[in-house]
Number of protein chains: 2
Amino acid sequence: MARKTKEDAELTRQRIITAAREVFAKRGVSHTTMEHIASHAQVTRGAVYWHFANKIELFHAMRDQAMLPFIERINAAVLDEQSEDPLLMIEQLFCNTIQTLNEDASTRQTYEIMMAKCEYVDEFNNVLQELLINCRIFIEKTQLLYEKAKQKGQINPNIDPAVLAMDTHLFFSGVLHMWVKDNTNLGYREQTIDLIKQHIKLRRKSQTE
Amino acid sequence: MARKTKEDAELTRQRIITAAREVFAKRGVSHTTMEHIASHAQVTRGAVYWHFANKIELFHAMRDQAMLPFIERINAAVLDEQSEDPLLMIEQLFCNTIQTLNEDASTRQTYEIMMAKCEYVDEFNNVLQELLINCRIFIEKTQLLYEKAKQKGQINPNIDPAVLAMDTHLFFSGVLHMWVKDNTNLGYREQTIDLIKQHIKLRRKSQTE
DNA sequence: TTTTACATACAATCATGTTTGTATATAATA
DNA sequence: TATTATATACAAACATGATTGTATGTAAAA
């Protein structure tokens, strides 16, 4: 065995990340060893340790690949100034997320790992705190959209957009947890899109008249 | 060291469960060894293995102590026939749960472990499925309360109680996750009770008129 | 020629499950 | 009631992997 070209090295790096994700999803982060990851990526531990100092670095690499696109989507949704229907924007943001989870196995796995197959202690505690910060940002963006909706008369003017944003965020947090954890039993995933639409519908002013 | 009386044995058994919870909360379930638990309970691994075959049995014992009282509370709330205000029943059920978390450190720890310090793979996957079943039951009970509320004219008659129940459950699921995970940063826990009340308020018919 | 991108080998620790030992509580019996 | 037998509630020792991090080797890319 010999030295690879830079492009090849990048490929093996990516193979290792993919392997890590797949093994994490199967055995959980804690019970996954570097050897598991290496053999699943068809390399030796030497290769893994060459690219990543330890398991956490690998975890971060995996997380970023799934999370960064999601964050960009949120920003895009908020910045869409010419939208006539902010409530629909929120709805579509959620629906798109669920659709991504449905279509993209790697994103699905990463969410599964982060929500049910990872223990947030010691170094991983930081990951949780970073997630909470993202939640804050997400809530603020949602609030902006609700304020737009209020200006456009889409919602009851007596209700504080901040409250709506919080309520919606907690709802969607619950949705994601349900969706991800219901991987064997049937039922939840099929109705998720409908639940999101109903949630938004509950806010629309026309609904209450 | 010698044989203890039955009462003493039961005490050490309980001490081991408590120790397990505390170590789980500190190090996460996976990184907790039987030796950690034993020494923290001031016994040897021999004692731990005498009372529990392995870590999962210990985990189950810990979980049951926190979960069974909660399930009983739900049933009590639904069965309260003479209540004039079903919406208030839902609100109080949630508020009481949060209050318990605030007051009882052991319940708090158990929730923390189950939501952020445990990997649901292999044998632990069953735990997750059992949790989902409890969710189903909880949703059904909530729906019953919303149907009562509908009969009493507390909510908009055009809205399906099943939808409301689902939406509320997902909201509260999000609330619990937020509450439990926000253990360092301030902010979320203080406003939780208010968020719950706002959530219920959004449903009240008087609110939409 | 010097890095790079790995593979291989090594050392040390850690955790688990089991086994064995033992003092005593608790019946059973006389 | 006193004695005996047995099951109980552990402690201590053992044997056996499993993982980790590092150190070293190496062939080809740069």
Side-chain angles (χ1 to χ4, degrees), chain A residues 1-62 113 117-119 121-124, chain B residues 1-62 113 117-119 121-124:
Chain A
M1 202 71 28
R3 183 181 174 194
K4 308 274 186 66
T5 174
K6 276 198 175 181
E7 291 76 27
D8 281 340
E10 179 54 33
L11 278 179
T12 61
R13 189 189 128 94
Q14 186 55 51
R15 278 236 312 286
I16 291 168
I17 296 178
T18 302
R21 176 165 36 73
E22 290 172 357
V23 183
F24 285 163
K26 190 180 183 182
R27 323 177 76 115
V29 176
S30 299
H31 296 103
T32 295
T33 73
M34 296 305 237
E35 173 59 28
H36 290 148
I37 297 170
S39 63
H40 193 248
Q42 288 174 311
V43 292
T44 63
R45 264 170 54 241
V48 178
Y49 275 107
W50 171 256
H51 286 285
F52 305 95
N54 47 42
K55 231 197 283 184
I56 307 161
E57 279 202 8
L58 247 171
F59 182 90
H60 275 104
M62 176 202 73
I113 293 161
K117 292 169 181 183
C118 172
E119 298 182 0
V121 288
D122 301 330
E123 319 96 311
F124 282 91
Chain B
M1 200 69 32
R3 181 180 175 191
K4 308 274 187 64
T5 176
K6 276 197 175 182
E7 291 76 25
D8 280 341
E10 180 52 34
L11 278 179
T12 62
R13 190 189 126 94
Q14 186 55 50
R15 277 233 315 283
I16 291 169
I17 295 178
T18 302
R21 174 165 36 73
E22 289 172 357
V23 183
F24 285 162
K26 189 180 185 183
R27 322 175 78 113
V29 176
S30 299
H31 295 105
T32 296
T33 72
M34 296 305 238
E35 172 59 30
H36 290 148
I37 297 170
S39 63
H40 193 249
Q42 289 174 309
V43 292
T44 63
R45 267 171 52 244
V48 177
Y49 275 107
W50 170 255
H51 287 283
F52 305 95
N54 47 41
K55 232 198 281 184
I56 307 161
E57 279 202 7
L58 247 172
F59 182 90
H60 275 103
M62 176 201 72
I113 293 161
K117 294 169 180 185
C118 172
E119 298 182 0
V121 288
D122 301 331
E123 319 97 310
F124 282 90

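In what follows, chains are A, B, ... by sequence order, proteins preceding strands, each numbered from 1. Worth saying up front: this structure is predicted, and the values here are computed from it rather than measured.
Listed nucleotides: C:dA7, D:dC10, C:dT26. Nearest to the side chain of B:His51: D:dC10. Proximity note for A:Thr33 (side chain, C-beta onward) versus D:dA29, C:dT16, D:dT19: the nearest is D:dT19. Closest to the side chain of A:Thr5, from the set D:dA29, C:dA9, C:dA7, is D:dA29. Nearest to the side-chain atoms of B:Val43 among the listed nucleotides C:dA7, D:dA13, D:dA11 stands D:dA11. For A:Lys4, the listed nucleotide lying nearest its side chain is C:dA5; candidates were C:dA5, D:dA12, D:dA9. When each of C:dC6, D:dT19, C:dT16 is scored by its nearest atom to the side-chain atoms of A:Thr12, the top-ranked nucleotide is C:dC6. Taking only side-chain atoms of B:Arg45, from C-beta outward, the nucleotide of C:dT16, C:dA5, D:dT20 with the closest atom is C:dT16.
Protein atom CD of A:Gln42 is 15 Å distant from nucleotide atom C1' of C:dA7, rounded to whole Å. A:Glu123 places its CD atom 14 Å from the C1' atom of D:dT20, with the value rounded to the nearest Å.
Classified by interplanar angle (parallel below 30°, tilted 30° to 60°, perpendicular above 60°), the ring pair A:Phe59/A:Phe124 is perpendicular.
Put simply, the side chain of B:His40 never gets that close to the backbone of B:Ile37: no donor and acceptor are under 3.5 Å apart.
Within a 6.0 Å radius of CD in B:Gln14, other residues, nucleotides and ligands contribute more than 12 heavy atoms.
Nucleotides of DNA chain C nearest to B:Glu7 and B:Met34 differ in position, and the one nearer the 5' end is that of B:Met34. Toward the 5' end of DNA chain D, the nearer of the two residues A:Gly46 and A:His31, judged by each one's closest nucleotide, is A:His31.
The shortest non-hydrogen separation linking A:Ala61 to A:Arg13 is CB-NH2, 4.4 Å.
For A:Trp50, no side-chain nitrogen or oxygen approaches OP1 or OP2 of C:dC6 to under 4.0 Å. Using a 4.0 Å cut-off, some side-chain N or O of B:Tyr49 falls inside it from OP1 or OP2 of C:dG17.
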